[in-house]
Every structure is written in C-alpha cells, then in structure tokens.
Amino acid sequence: MPTILGQNQYGKAENRVVKITRDGDTHHIKDLNVSVALSGDMDDVHYSGSNANVLPTDTTKNTVYAFAKEHGIESAEQFGIHLARHFVSSQEPIHRARIRIEEYAWERIATSDGNSRFIGADDVKHSFVRKGQETRVTQITYDGGSWEVVSGLKDLTVMNSTNSEFWGYVKDRYTTLKEAYDRILATDVSARWRYNWTSDEQRMPNWEKSYEQARKHMLQAFAETYSLSLQQTLYQMGSRIINSRSEIDEIRFSLPNNHHFLVDLEPFGLKNDTADGAVYFAADRPYGLIEATVLRDGVEPKIPVDMTNL
Ligand SMILES: O=c1[nH]c(=O)c2[nH]c(=O)[nH]c2[nH]1
C-alpha cells in the first residue's frame with residue numbers, strides 16, 4: 001500500500017523554565033512551561049531518516065533557556081514571539097513554529113511585619129506563594145463520646161528565591177551533589193494539624209479563623225526562615241503554628257523538595273549565576289521528600305505517619 005506523510009511537527013515539549021530577576025533585594029519570578037513545535041521541510045527525515053534539515057529538539061530546549069537568560073522574560077507572549085521568530089528566521093527548512101506557554105502565577109508572601117502590597121519588610125522580597133492552588137482538607141472522627149479533628153491543606157506551592165543553603169552533608173562514594181550557598185527552596189506544602197478539642201464540654205475553636213491563621217503562620221515561617229535545609233524550615237513552620245495557636249497540638253508535614261537546577265549556559269557564552277538573576281530548570285521528578293511531625297511538648301502523637309490520604 002503506498003503511503004504519504006501527512007501533517008507533522010516536532011520539538012521539545014514542557015520546558016520548565018524559571019527566571020529570577022534581581023532588582024536589588026527584590027526578586028521577580030517568571031515561571032513558564034514552554035512547548036516548542038516546529039514544522040517545514042521534514043519529508044526526508046520521515047521517509048529516509050536523513051537528519052539534514054533537523055534542528056535537534058535538544059537545541060530547541062537550550063534555546064528556551066538561553067533566551068530566558070539573554071533577553072529575559074518580559075511576558076509569555078513576548079517570549080513566545082521571540083522564540084518563534086528565531087526558529088523560523090534562522091533555520092531555512094523550518095517554515096512554521098508554534099510556541100505554547102503556560103505561565104504559573106506567584107504572589108509575594110505577606111510577612112509578620114509587613115503587608116504584601118507594600119514591599120517594605122526585608123523578607124517579602126524573595127518569598128512567593130503560587131496563586132490559587134491549595135486544597136483545604138479535614139477529617140472528623142466521633143465515637144459518641146470524643147471527637148478528633150484533623151485539618152490541613154495540600155498543594156500550597158511556595159518558593160524562596162534566596163536565603164536557602166544546603167552544605168556540610170555526609171559525602172560517600174556516590175555523592176555528587178555540589179554544596180549550595182544560595183539556592184531556590186520550593187515545595188508544595190501538605191500539612192495536617194490536630195485540634196485539642198475532643199469533647200462537647202470544651203469550647204469549640206473557630207475553625208475558619210484557625211485555618212486562616214495556621215496557614216498564615218506557616219507561610220510567614222517559610223518566608224522568614226533563613227534555611228540551611230528543608231528539614232529546618234519544616235520544623236520552623238510547625239513550631240510557629242504550635243506556638244501561636246493554642247487549639248492545635250500536633251502538625252505533620254509532607255514536603256517535596258521541588259528542585260531547581262541552574263542551567264549550564266557556558267556553551268553559549270552566557271554566565272548563569274544566582275548573584276545576578278539566574279535561569280533554572282524546574283525538575284518535576286525525582287524530588288526529595290521531607291516529612292516530620294511537630295508536637296506540643298508532652299502530647300501524644302496521633303497523626304499517622306502516612307497522612308496524605310487523610
Ligand atoms: O534541604 C535539603 N535537605 C536534604 O536532606 C537534601 N538532600 C539533598 O540532596 N538536597 C537536600 N536539601
């Protein structure tokens with residue numbers, strides 16, 4: 001049966017690029033998922049396997065990261081236009097470029113001594129929470145006599161674009177990780193906290209206010225902790241809640257370490273270091289997973305170790 005080639009396109013999909021721009025101490029984030037699809041004179045590669053017209057998808061990926069560094073990301077539209085024009089105008093066989101971009105929005109975290117709307121406090125300048133993300137959860141158990149209320153949230157995505165280090169760790173023959181003195185710290189917070197309200201005799205907490213306050217303290221502790229490890233940040237987040245909310249006795253966290261790797265742009269003659277605003281590859285997996293419970297001293301832990309389906 002004779003066949004002919006129909007519509008075809010190729011490129012690198014879902015390039016996760018995070019660009020930090022430093023304006024003094026104030027950082028700005030652009031967080032994009034960029035997919036490149038190119039088409040043109042690509043009959044030969046399909047029919048005979050000749051790659052003579054094929055710009056590698058790997059190159060399209062590198063271009064995304066290099067452009068982020070070299071030209072910055074003013075808007076997703078401007079960035080996409082720039083990329084599309086580049087591919088079509090620099091490669092004769094490429095006649096059409098389709099750039100799809102998803103942009104993830106971030107808001108500044110309001111810290112304890114400031115308001116996110118005016119940037120005054122030191123610590124709001126580099127701490128962000130992803131817009132409109134989290135799911136609030138609760139589990140109520142009652143046996144006719146006593147109550148157990150465990151509430152919390154999942155998918156609350158936060159990022160510090162500086163004030164995070166990781167060094168001084170154990171090194172064995174398999175360790176290749178470089179010590180970091182200024183890295184991005186990002187996680188999707190999953191937390192469950194247990195209320196010490198257990199009987200109808202006790203005054204019931206104001207659940208709405210308690211949730212809002214627990215969330216606020218957690219975010220502030222994340223933003224305000226100069227972090228030497230995600231474990232240390234976790235403990236600060238938990239103890240901030242226990243110390244400021246008397247109705248909560250125990251809190252458990254499951255925190256993925258959402259790794260952001262500095263892209264090596266040396267081959268393109270571009271310096272990419274944290275000091276003057278860098279471009280990162282936001283990896284999705286594998287990820288470190290840091291989990292721990294923080295308790296009021298003297299109370300029995302009751303939140304299960306594997307709490308995530310709770
Ligand atoms: O905050 C961190 N804690 C770790 O335990 C760890 N391990 C690792 O490779 N990177 C990190 N970062």
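Predicted, not measured: the structure shown is a model, and the values here were computed from it. Read the numbers this way: they start at 1 and go in the same order the structure lists the ligands and their atoms.
Taking distance alone, with nitrogen or oxygen atoms compared against 3.5 Å, R183 approaches ligand 1 more closely than that limit. Geometrically, ligand 1 and L185 share no nitrogen or oxygen pair separated by less than 3.5 Å.
Checking K131, K19, R16 one by one against D31, the salt bridge (Lys or Arg N to Asp or Glu O under 4.0 Å) holds for a single residue, R16. Among N160, N163, D25, the single residue meeting the side chain to side chain donor-acceptor pair (under 3.5 Å) criterion with H126 is N163.
Aromatic ring pairs are classed by plane angle as parallel below 30°, tilted from 30° to 60° and perpendicular above 60°; the pair W207 and Y195 is perpendicular. Relative orientation of the F166 and Y169 rings is parallel, given thresholds of 30° and 60° on the angle between their planes.
Scanning the protein heavy atoms around atom 9 (O) of ligand 1, the nearest turns out to be L177 CD2, 3.5 Å. The protein non-hydrogen atom at the shortest distance from atom 10 (N) of ligand 1 is F166 CE2, 3.5 Å.
Close contacts between ligand 1 and S229 involve ligand atoms 1 (O) [criterion: under 4.0 Å to a heavy atom]. Listed by number with element, the atoms of ligand 1 under 4.0 angstrom from any heavy atom of Q231 are 1 (O), 2 (C), 3 (N), 4 (C), 5 (O). Here is the list of ligand 1 atoms found below 4.0 Å of a heavy atom in L230: 1 (O), 2 (C).
In this structure the side chain of F281 never reaches within 4.5 angstrom of the side chain of V18, judged on heavy atoms.
Within a 6.0 Å radius of CZ in R136, more than 12 heavy atoms belonging to other residues, nucleotides or ligands are found.
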